[in-house]
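Each remark here refers to the structure printed beneath this line.
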Amino acid sequence: MLEATWTDRQRREAAFYKKYAVRQTPESVDFAPVNGEEQRPWNPYWYVYGLARHRHVSPRQKLLDFGCGVGIAAVRFAHLGYEVEGFDLSQENINAARILAQRHSLDERCRFRKMLAEQLEYDDESFDLVVGIDILHHVDIPRAVAQVHRVLKPGGVAIFKEHVEVPIVDPVRNTALLRAVVPNATSLEDHITEDERKLTHDDLDLIDTHFHRVEKVRFTLLSRLDRLIPHCGDAMRGRLERVDQRMMRLCPPLARLGGTVVLICEK
């Protein structure tokens with residue numbers, strides 16, 4: 001992979017994650033989201049892990065962790081029993097992922113490679129399942145999604161958890177005036193890069209065209225206010241997420257205002 005051919009955006013992302021891996025590298029992984037003893041379907045991350053758990057039927061199933069970062073999700077998927085491949089454009093993230101898999105004695109079920117989402121080096125129809133958590137808003141979506149479809153086996157499923165634009169709220173937030181007053185800021189703590197952007201309605205429509213069927217499950221209504229609540233911890237955030245889930249079930253049109261979506265894409 002010739003880094004000289006990378007776009008400016010890819011170089012900025014790699015530079016960000018070089019710093020991120022140093023600061024955010026975990027010492028261990030909490031396997032509660034995949035063990036099945038507890039379930040939190042109101043939380044989008046736990047929801048994704050629940051989908052992966054229910055789809056695991058054989059130790060020969062191959063899963064691609066699409067943009068693996070420091071390897072937390074990949075190690076969890078390997079713990080479930082998948083053969084896991086993970087890639088990232090940051091060598092520092094790849095190094096951290098390999099160490100994490102070794103610490104949990106799952107390195108034989110995990111393989112990590114430096115790679116671009118837009119130029120996957122895997123063979124056609126290689127994976128039963130592709131899972132991407134908070135990754136599409138960092139990449140060239142048309143090219144990346146085309147690669148996902150290519151490497152997914154017929155009948156396979158791609159699952160993505162993503163941030164999406166919300167009607168009224170995000171268009172106002174993205175006006176030149178508000179951006180001048182409250183500019184977007186990068187954050188290693190919150191995993192915010194210079195070039196990331198929420199998925200738009202057009203992005204979701206494009207993803208639809210690549211797959212036989214796409215189910216969209218929305219999250220994050222009131223729970224997006226968690227940062228405005230003093231000392232809001234996991235317990236309070238979880239209560240807000242449960243309220244969100246009830247509200248969207250009682251009034252489905254409210255789902256359009258959900259700022260997070262889990263896409264379940266069937267090939």
Side-chain angles (χ1 to χ4, degrees), residues 1-34 44-46 48-49 52 63-80 82-122 127 130-141 143-144 147-148 151 159-163 184-198 227 234 260:
M1 178 172 50
L2 298 176
E3 294 187 17
T5 65
W6 287 16
T7 66
D8 290 341
R9 174 178 178 166
Q10 289 164 341
R11 293 191 185 96
R12 286 191 295 267
E13 290 279 328
F16 177 93
Y17 284 103
K18 183 174 183 177
K19 298 177 182 177
Y20 177 88
V22 172
R23 181 168 177 175
Q24 301 286 3
T25 299
E27 295 294 324
S28 62
V29 174
D30 178 4
F31 292 110
V34 294
Y45 294 102
W46 281 63
V48 169
Y49 288 120
L63 182 149
L64 175 61
D65 186 352
F66 195 86
C68 64
V70 294
I72 295 173
V75 170
R76 284 173 173 158
F77 295 135
H79 179 74
L80 274 174
Y82 285 99
E83 293 183 18
V84 179
E85 295 264 1
F87 75 87
D88 200 278
L89 86 172
S90 164
Q91 186 62 52
E92 287 74 21
N93 276 351
I94 294 299
N95 295 342
R98 288 170 177 163
I99 292 171
L100 195 61
Q102 290 171 355
R103 284 177 179 162
H104 289 281
S105 301
L106 289 166
D107 45 308
E108 291 187 1
R109 301 198 68 84
C110 294
R111 185 183 180 200
F112 300 103
R113 298 167 62 186
K114 183 177 178 179
M115 202 179 299
L116 296 177
E118 300 86 352
Q119 296 174 252
L120 297 184
E121 298 169 17
Y122 306 110
F127 297 99
V130 175
V131 182
I133 299 177
D134 296 335
I135 176 63
L136 291 182
H137 63 281
H138 289 282
V139 303
D140 182 317
I141 293 174
R143 294 175 62 198
Q147 288 292 299
V148 172
V151 302
I159 301 169
F160 291 100
K161 180 268 175 190
E162 286 296 332
H163 304 289
N184 288 346
T186 62
S187 169
L188 289 173
E189 183 71 24
D190 295 323
H191 197 181
I192 300 174
T193 68
E194 178 182 347
D195 297 288
E196 69 174 65
R197 65 174 181 82
K198 296 178 181 179
R227 296 189 182 188
D234 290 341
T260 302

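As the structure is a computational prediction, the values presented were derived from the model and not from experiment.
The minimum heavy-atom distance between A78 and V84, with the atom names listed, is N-CG2, 3.6 Å. F77 and L63 get closest at one heavy-atom pair: CD1-CD2, 3.5 Å. The minimum heavy-atom distance linking I94 with C68 is given by the pair CD1-SG, 3.9 Å. For the residue pair L120 and F66, the shortest heavy atom distance occurs at CD1-CE1, 3.9 Å. Of all non-hydrogen atoms in T260 and K161, the two that sit nearest each other are CG2-CE, 3.5 Å. When all heavy atoms of R103 and P26 are compared, the closest pair comes out as NH1-O, 3.4 Å.
A donor-acceptor pair under 3.5 Å links the side-chain atoms of R76 to the main chain of D30, judged by distance alone. Of the possible donor and acceptor atoms, one in the side chain of R109 sits under 3.5 Å from a partner among the backbone N and O of Y82. One N or O on the side chain of R9 and one on the backbone of H138 form a donor-acceptor pair closer than 3.5 Å. Of the possible donor and acceptor atoms, none in the side chain of E92 sits under 3.5 Å from a partner among the backbone N and O of A21. A donor-acceptor pair under 3.5 Å is formed between the side chain of H104 and the backbone N or O of V29.
Between Y49 and the choices I159, L80, I133, the side chain to side chain contact (heavy atoms under 4.5 Å, CB included) rule is met once, by I133.
In this structure, Q147 CD and E118 CD are separated by 8.5 Å, a value rounded to the nearest 0.5 Å. Rounding to the nearest 0.5 Å places CG of D65 at 7.0 Å from CZ of F112. To the nearest 0.5 Å, the span separating CD on E13 from CG on L116 amounts to 11.0 Å. Taking CG from D88 and CD1 from I135, the interatomic distance works out to 6.5 Å, rounded to the nearest 0.5 Å. Note that CD of E162 is 6.0 Å distant from CG of D134, once rounded to the nearest 0.5 Å. Rounding to the nearest 0.5 Å gives a distance of 3.5 Å between CD of E3 and NZ of K114.
Taking the side chain as every heavy atom from C-beta outward, L100 and V70 never approach each other to under 4.5 Å. Contact of the F16 side chain with the E194 side chain is not registered, since no non-hydrogen atoms from C-beta on lie closer than 4.5 Å.
Between Y20 and Y17, the ring planes are perpendicular. Angles over 60° get that label, and only those under 30° would be called parallel.
Ion pair E83/R111 not flagged as a salt bridge, since none of the NZ, NE, NH1 or NH2 atoms sits closer than 4.0 Å to an Asp/Glu carboxylate oxygen.
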Self-check item: Audit row: F127, V148, side-chain contact (heavy atoms from CB on, under 4.5 Å) steps and yes/no
Solution: CA-CA 9 Å; F127 297 99; V148 172; over 6 Å; no

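The side chain to side chain donor-acceptor pair (under 3.5 Å) check on D107 picks up nothing, with sequence neighbours excluded.
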